[in-house]
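What follows is one structure encoded as structure tokens, with my remarks underneath.
When reading the values below, keep in mind they use all heavy atoms of this one structure, side chains included, and skip hydrogens, waters and symmetry mates.
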Amino acid sequence: MYIIVPMPCLFFGDGSTRFLSSGEGGAWMKAAKFLTGMSAMGSLAIPAILRHAGLIETGAMFIEFTSFFILVCTVLCFHRATLDEEW
């Protein structure tokens with residue numbers, strides 16, 4: 001899932017995260033936003049579903065949630081850094 005999450009940004013968003021916070025864009029930008037949201041929610045939902053089915057333990061689910069939180073913090077830091085024009 002961690003490989004799938006940034007792919008819409010790379011393919012439809014010209015490699016930057018600026019399109020996620022803007023209301024502009026055509027159908028491809030809306031598709032990229034949808035696919036990014038869908039894959040991000042899948043990253044959270046799949047471990048919860050596997051835990052509910054009893055296929056993984058609670059600790060494994062929380063490790064997955066922690067790694068997702070670290071990924072989100074990394075993406076937010078990258079987004080903040082790319083918004084600064086001084087780079």
List the atom pairs, with distances to 0.1 Å, where a side-chain N or O of residues 67-78 and a protein N or O form a donor-acceptor pair under 3.5 Å, not counting sequence neighbours.
unit_1: Ser67; atom_1: OG; unit_2: Tyr2; atom_2: OH; d: 2.7
unit_1: Ser67; atom_1: OG; unit_2: Ile63; atom_2: O; d: 3.4
unit_1: Ser67; atom_1: OG; unit_2: Glu64; atom_2: O; d: 2.8
unit_1: Thr74; atom_1: OG1; unit_2: Ile70; atom_2: O; d: 2.8

Applying side-chain hydrogen bond (donor to acceptor under 3.5 Å, both in side chains), name anything that partners Thr58, two or more places apart in sequence or on another chain.
Arg51

Just how far is it from atom CG of Leu50 to atom CE of Met61, taken to the nearest 0.5 Å?
10.5 Å

Which pair of heavy atoms, one from Pro47 and one from Gly42, lies closest together, and at what distance?
CD-O, 4.2 Å

Check whether Ile49 and Phe65 end up in the same hydrophobic cluster, where Ile, Leu, Val, Met, Phe, Trp and Tyr are linked by side-chain heavy atoms less than 4.5 Å apart.
no

Which value, rounded to the nearest 0.5 Å, describes the distance between Met41 atom CE and Ile46 atom CD1?
11.0 Å

For Phe34, which residues count as a side-chain contact (heavy atoms from CB on, under 4.5 Å) partner, sequence neighbours excluded?
Met38

